[in-house]
2 protein chains.
Amino acid sequence: MLLFTMKPLYIIKIGGNVIDNSENLYHFLKDFTALDGHKILVHGGGKLATTISEQMGIEAHLVDGRRITDIETLRVVTMVYAGLINKNIVAQLQRFGTNAIGLTGADGNFIKAAKRPVKTIDYGFVGDLNDTSVNAQNISKLMEAGFTPAFCALTHDGEGQMLNTNADTIASALAVALSPLYETTLIYCFEKKGVLKDIDDEQSLIQDIDPARYEELKKEKIIHSGMLPKLDNAFTAIACGVKAVIIGHAQELSKIRQNQPFGTRLSK
Amino acid sequence: MLLFTMKPLYIIKIGGNVIDNSENLYHFLKDFTALDGHKILVHGGGKLATTISEQMGIEAHLVDGRRITDIETLRVVTMVYAGLINKNIVAQLQRFGTNAIGLTGADGNFIKAAKRPVKTIDYGFVGDLNDTSVNAQNISKLMEAGFTPAFCALTHDGEGQMLNTNADTIASALAVALSPLYETTLIYCFEKKGVLKDIDDEQSLIQDIDPARYEELKKEKIIHSGMLPKLDNAFTAIACGVKAVIIGHAQELSKIRQNQPFGTRLSK
């Protein structure tokens, strides 16, 4: 029997713990390069935006303990995410042999967001995504032309305005939108080995979670607080066509290539 | 008789006088969008890098009156050129309907430079270009996939290091490298109507200059000082295959589309 098989695609998100440490970043980008096939990198901001803001004398603007992206903050994150961090990542990837192109959602009109409407809090220049935000066809064209996209946590509104968008959200939206075109695995890299039964014991890794097991783990209160929204989002992505979501340690990415178990794998 | 005809390509460089004035930039990007066919934008830095440096408390490092790109300055220009300026230009272009992708030379390995060797002065992280710097095939792939490149004045060394490279030089190197693939016109936009017989009289525009006329103009001392290196470089680009170099006013770009004489046209 002949089946139409889609090409595999890895979408890998890294956060501050990788970006802020040049040695971690070096090893991660080397392992990223070694992964075969189509791949997309998504990176957050790390501490650098805060450092540069302070150096420029820009004060963080908080409302009810939440950070607001005012126009000054937007300027800083556009400089730091799309300039300093993104281009240094691209230059490193090129050094290792990945033909990366550094992107925001404005580039190629790849991710168009809507400025978050003001309800009780005005979050400022923050962009929310919806089902039509990601231009999967354009991203696919770029990849099929031989390039590896490296996205930072910025989008645009299509009217000339850049917007700040959470990197986890971008990674998840990319994965869902590209799933009809590629067999997509979404990987969140962080500083733990994955979802742990006991947060203080790295040996207590849960290797696989399907929706039924997820319900059990929630009932048993093994998964709670901060992990809940992350896993809820992951299972939503899976319900929307993403093959699997892996949550694992950035320094263990090479295990995928070596066919070793890596992190916690969430799937149907 | 059937001849193989190459597609036309416009490579258009804008400098600080366009970038620093949001109204000028708005009109320029609108006119740029209206130009048919393949095109590449190259932009310099403007005053913003200096403003941000000052805000961050970074002092300009001068040696013999020449600005040095030390590591702090490189960080600032990477933020300002590749982040703030480039992504705002891309967002504006998208608004007008140009499917732009904002780039440095590191992206797609499009422009690989060599760090300027230290002779009498150490210029720091400055990248010089040579005949093999521009990856014309990769840039062509990007354009043929439907994207319009927007380059800022940064390159990389292929070893993970970003470098600062003059925007005029980037525009010229792109034009020469892409001439075997496209019928390339290189346009330098600035704040004058073109090469003027009398610098104080905008009506004294010289519309066409060929190499013979250029020799005359130099002998008559009509072209001198600052204009000489610009025109020397332009005629070198033409000798290397660029169809024409136009030097004109940023706010008059629409004349090309209207088939009206625009600026000073240098050609064989």
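To find a chain, count down the sequence lines: A is the first, B the second, and so on, and within it residues start at 1. Not measured: the values here are computed from a predicted model. All heavy atoms count here, side chains included; hydrogens, waters and symmetry mates do not.
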| task | Pick whichever of A/Gly105, A/Ala150, A/Ala145 has the most heavy-atom pairs under 4.5 Å with chain B. | result | A/Ala145
| said: Report which part of B/Tyr81 has an atom under 4.5 Å of a heavy atom belonging to chain A: side chain, backbone, both, or neither. | reply: neither
| query | Would B/Lys87 and A/Asp107 pass as an ion pair if we require N to O under 4.0 Å? | reply | yes
| query | For B/Leu48, is it the side chain, the backbone, both or neither that has a heavy atom under 4.5 Å from a heavy atom of chain A? | reply | side chain
| So, are B/Asp36 and B/Arg257 salt-bridged, with charged N and O less than 4.0 Å apart? | no
| Among B/Met79, B/Arg75, B/Met162, which residue forms the greatest number of heavy-atom pairs with chain A at distances under 4.5 Å? | B/Met79
| field | Contact leader toward chain B among A/Glu159, A/His156, A/Lys112, A/Gln92, where contacts are heavy-atom pairs under 4.5 Å | value | A/Glu159
| remark: Looking only at B/Ile52, B/Ile85, B/Val76, most heavy-atom pairs under 4.5 Å shared with chain A are made by B/Ile52
| said: Pairing donors with acceptors under 3.5 angstrom, does anything connect the side chains of A/Thr165 and A/Thr155? | reply: yes
| query | Considering the options A/Glu54, A/Gln55, A/Met56, which one meets the side-chain contact (heavy atoms from CB on, under 4.5 Å) requirement together with A/Ile58? | reply | A/Met56
| Is B/Leu142 close to A/Ile101 at the side-chain level, that is, under 4.5 Å between some pair of heavy atoms? | yes
| remark: Here the pair of heavy atoms bringing B/Tyr123 nearest to B/Ile68 is O-CG2, 3.6 Å
| message | What part of B/Asn138 gets within 4.5 angstrom of chain A, counting heavy atoms only: side chain, backbone, both, or neither? | response | both
